[in-house]
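Below, chain A is the first sequence line, B the second, and so on; all start at residue 1.
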There are 2 protein chains.
Amino acid sequence: MSNNKVLPLAEPDSDAAAPCCPPLTERPFTADEAETAARMFKALGDPVRLRLFSAVASHEGGEACVCDISDVGVSQPTVSHHLKKLKEAGLLTSERRGTWVYYRVEPSVLAAMGKLLTIAPAAV
Amino acid sequence: MSNNKVLPLAEPDSDAAAPCCPPLTERPFTADEAETAARMFKALGDPVRLRLFSAVASHEGGEACVCDISDVGVSQPTVSHHLKKLKEAGLLTSERRGTWVYYRVEPSVLAAMGKLLTIAPAAV
DNA sequence: CGCATGCTTCGATAAATGTCTATGTTGACG
DNA sequence: CGTCAACATAGACATTTATCGAAGCATGCG
């Protein structure tokens, strides 16, 4: 199916975690960089997805099954739909263990997004 | 002393800059928090807006007039529309000086978003 | 004045998105 | 097996959004 490769995540080199782009403040983004980065921001640009993501990210052990986090005010298929989007954006990974499917955050992507938002140190 | 700091984002506690929410990893977001934070992420969730924002943020002096940044492949009214969205999201401010309108980034909001993406240091 | 320039606002429209119900699929269990 | 529970997929529908061209406001200048 559509198990499209997302974001070429960073290899743990030393600092890495910058799969796509420099800080937003460093230089104007190219069209390609903007396309890539926007996909990640867009994934978090929905309140339901943000709650789901936060629920997974803050859950004990760093992972949660759908049943643990599906109380966000929308139907079960909608939850599933949003989790899929988050997965496609590279923010979450999933794994089935028996009856349940567990979701887990991809920390490197989180870090990469954080870097986008840093203020260029020597600027100003 | 190499920079092995895990996430050199904004200094903790250095400035407020967090008008909305704790880090995404700290605890599950409430509906209200998610609504607020999603608005900011959504503003950066469009490639054109991301390019415009990056162009302003990286422009010399920290500000740019529309004429400096409007070469992003869409019509001028569309540029204006996106700049308005960024302003409504609190990411940019604008000021008219003579013939031109200058846009400038709101650094505290940038920092606040960065904090959302930090990994909780010693959580759990 | 009158006109050119920079930017915003106004409608219109096609595409994308979020949501639902209904249905599939996969695994556990008796 | 048969059935139930947990998730995922499919299709439908309403709303939002990105975009454009045209028109409207300012501001500066001759």
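- D:dA5 atom C1' lies 15 Å from atom CG of A:Asp68, rounded to whole Å.
- At C:dT19, one or more side-chain N or O atoms of A:His82 fall inside 4.0 Å of OP1 or OP2 (strictly under the cut-off).
- When each of A:Val48 and A:Arg97 is assigned the nucleotide of DNA chain C with its nearest heavy atom, A:Val48 is the one assigned upstream, toward the 5' end.
- Counting to the nearest Å, the P atom of D:dT19 and the CZ atom of B:Arg51 are 12 Å from each other.
- Remark: side-chain polar atoms of A:Arg104 are not paired, donor with acceptor, to backbone N or O of A:Glu106 under 3.5 angstrom.
- Atom pair A:Leu92:CG and D:dC7:P shows a separation of 14 Å (rounding to whole Å applied).
- Rounded to whole Å, the distance from CH2 on A:Trp100 to P on C:dA28 is 9 Å.
- The listed nucleotides are C:dG6, C:dC20, D:dG21; the one nearest the side chain of A:Val74 is C:dC20.
- OP1 or OP2 of C:dT9 lies within a sub-4.0 Å distance of a side-chain N or O belonging to B:Lys84.
- Contacts of A:His81 with the nucleic acid, taken as non-hydrogen atoms under 4.0 Å apart, include base atoms.
- Side-chain N/O atoms of A:Ser80 include one lying less than 4.0 angstrom from OP1 or OP2 on D:dA8.
- Protein atom CD of A:Gln76 is 14 Å distant from nucleotide atom P of C:dA22, rounded to whole Å.
- When distances run from any side-chain atom of A:Val66 to the nucleotides C:dG18, D:dC7, C:dT8, the shortest one goes to D:dC7.
- Note on B:Lys115 versus B:Glu26: no salt bridge recorded, every NZ/NE/NH1/NH2 to OD/OE distance being 4.0 Å or above.
- One finds a side-chain N or O of B:Ser75 lying less than 4.0 angstrom from the OP1 or OP2 phosphate oxygen of D:dC20.
- Between A:Leu52 and the options A:Leu91, A:Val66, A:Val72, a side chain to side chain contact (heavy atoms under 4.5 Å, CB included) holds for only A:Val72.
- Note on B:Lys42: every side-chain N or O is 4.0 Å or more away from OP1 and OP2 of D:dT16.
- The pair B:Arg51-A:Glu35 does not meet the salt-bridge criterion, since no charged nitrogen lies less than 4.0 angstrom from a carboxylate oxygen.
- B:Arg49 has a side-chain polar atom (N or O) that falls below the 4.0 Å cut-off from OP1 or OP2 of D:dA18.
- For the pair B:Thr99 and D:dT27, the criterion of a side-chain N or O lying under 4.0 Å from OP1 or OP2 is not met.
- Between B:Tyr102 atom OH and D:dT27 atom P there is a gap of 15 Å when expressed in whole angstrom units.
- The separation between A:Phe41 atom CZ and C:dT17 atom P is 17 Å, rounded to whole Å.
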Kindly indicate, with the supporting measurements, whether the criterion side chain to side chain donor-acceptor pair (under 3.5 Å) is fulfilled by A:Ser94 and A:Lys87. CA-CA 8 Å; A:Ser94 71; A:Lys87 217 167 81 172; 2.9 Å; yes
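- Atoms CZ (A:Arg96) and P (C:dT25) sit 13 Å apart, rounded to a whole Å.
- Within the structure, every side-chain polar atom (N or O) of B:Tyr103 is placed at least 4.0 Å from both OP1 and OP2 of C:dG6.
- Each of B:Leu83 and A:Lys85 was assigned the nucleotide of DNA chain C with the nearest heavy atom; the assignment lying further toward the 5' end belongs to B:Leu83.
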